[in-house]
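A short write-up of the structure that comes next.
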2 protein chains.
Amino acid sequence: MKCIPEKSEDRIREAAKRVFLKKGFDGTTSRDIAKEADMNIALTNYYFRSKEKLFLEIFRDLLEVYFQSTIDILNKDIDIKAKISEIIENDFSMMKREPDLVIFIMNEVHKAPGRLFPDMSIFKQLRSTYIKKQLEEGVANGTVRPMQIENLLPLIKCSIEFIFLGKEIHKELFALTDEEFEKYAEEQKEHIKEMVCNYLVIGP
Amino acid sequence: MKCIPEKSEDRIREAAKRVFLKKGFDGTTSRDIAKEADMNIALTNYYFRSKEKLFLEIFRDLLEVYFQSTIDILNKDIDIKAKISEIIENDFSMMKREPDLVIFIMNEVHKAPGRLFPDMSIFKQLRSTYIKKQLEEGVANGTVRPMQIENLLPLIKCSIEFIFLGKEIHKELFALTDEEFEKYAEEQKEHIKEMVCNYLVIGP
DNA sequence: GAATATTTTAAATGAATGTTTAAATTAATC
DNA sequence: GATTAATTTAAACATTCATTTAAAATATTC
């Protein structure tokens, strides 16, 4: 009987996820993963055939973690201001939950773009959310500044994600402790909410 | 006589810079560098003692490339709106000139923060630029929203840098060609300028 | 409960890693 | 131009890498 009830395959997957997120593909060795999972080195290849295959499987999962909640919010039937606010709050809590996620995804994609996108469905979903219609209507009746979702979404997401993605450099730059960084991030969040809403929505 | 007049040490440094920027520390081998420099493998250690030492030297240079021009602009004697505009333009052209720079710095710092900051002078410079005084004066006479440089600077820099840092994912996400991405980035630049200025400066 | 299939193990594989060596070549010094 | 110093070279170094092997241990099937 095992102390940890999970199946070996899942234990390796979860361990690999933790290590890849922390060290990236290049910085991770098969032995790192085996050690983190507390399993024999040969099992990685027994279950996943290669480090590359294991990585691709995990990457796909994490890409969904990164985008899915945003897509869900973009499809909600609430007004645009509330939607922006919710995306920012959601991004914020995602960054706290998974502080390595964005830099991991950005870095792996940057290094080898072609390698990582066998399944485009998550991107298709993102290109056709309900907010697209809302923006068009808002622009038509003059309440919203003419803007595509392609322009709006990065304006929203970049601000929160960038400070977390560069958390260590921001801490160093402004001489912040971990605690002070938390406070700083909260301040920033409020600035962003107001700044983006003010810019997007015309009138009082 | 050599065809390339540079000294060997500089050739290796420049080659290493290119490779490190492209592949990161973990993804780069000593042989990659030697091949890029078209030099014997042993010379890397002859001139720089180790891959790590060579990397640290290059990293320090690149950190300065990343921050120095921004510091210079922050110290200029021009009004705040012009300053913001200039920082954005400068960041934009830096991203076009050095598309790997930001993701490289962010990723290396993220993976091992303690390793990379032996010299803090560039950070000290950034914390005490002329714009600090400008902001304080603006807040005092009611023309500027109460905000620290610590909050303002990321609001400005994140927007431009994030879309370039995630260029490949943005291209994939919005199904853009390289050409279309350029156009998209230009649009985004104008949005950011207006959005940040509108937010920071109170009144018409 | 014997036969079969699945999972786990320790050990080995060959290639790639960062680094060093010692000899060969080139440059500088006197 | 001989002697010394600096540079470059090919080869080797010990480790570590991802992956494979074949045997052992465990589960499953009949």
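For the numbers below, each heavy atom of this structure counts, side chains included, while hydrogens, waters and symmetry mates do not.
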Per-nucleotide protein contact string for nucleotides 16-26 of chain C, where B marks a base within reach and S marks sugar-phosphate only (heavy atoms under 4.0 Å, - for neither): -BBBBB-----
Sugar-phosphate only, base, or nothing, as touched by B:F48 at under 4.0 Å among non-hydrogen atoms: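 Nothing: the residue B:F48, judged by heavy atoms under 4.0 Å, touches no strand.
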If I take atom [atom1] in residue [X] and atom [atom2] in nucleotide [N], what distance separates them, rounded to the nearest angstrom?
X: A:K23; N: D:dT16; atom1: NZ; atom2: P; answer: 13 Å
X: B:E9; N: D:dT7; atom1: CD; atom2: P; answer: 9 Å
X: A:K7; N: C:dT8; atom1: NZ; atom2: P; answer: 11 Å
X: A:D10; N: C:dT7; atom1: CG; atom2: P; answer: 12 Å
X: A:Y47; N: D:dT20; atom1: OH; atom2: P; answer: 17 Å
X: A:L54; N: D:dT19; atom1: CG; atom2: C1'; answer: 14 Å

Centroid-centroid distance, A:F55 to A:F20, less than 6.0 Å: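 For A:F55 and A:F20, the ring centres are under 6.0 Å apart.
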Ring centers of A:F104, A:Y66 separated by less than 6.0 Å: no
Side-chain donor or acceptor of A:H110 paired with backbone N/O of A:M106 under 3.5 Å: no
Cation-pi, B:F92 ring and B:K189 (6.0 angstrom, 45 degrees): yes
A:K51 charged N/C atom sitting above A:F25 aromatic ring, 6.0 Å / 45°: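 Yes, cation above the ring, under 6.0 Å and within 45°.
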Contact list for residues 144-165 of chain A, test salt bridge (Lys or Arg N to Asp or Glu O under 4.0 Å), sequence neighbours left out: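 Applying salt bridge (Lys or Arg N to Asp or Glu O under 4.0 Å) to every pair that reaches into residues 144-165 of chain A, excluding sequence neighbours, yields A:D91-A:K157, A:R145-B:E194, A:K157-A:E161.
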A:T44 side chain near D:dA18 phosphate (N/O to OP1/OP2, under 4.0 Å): no
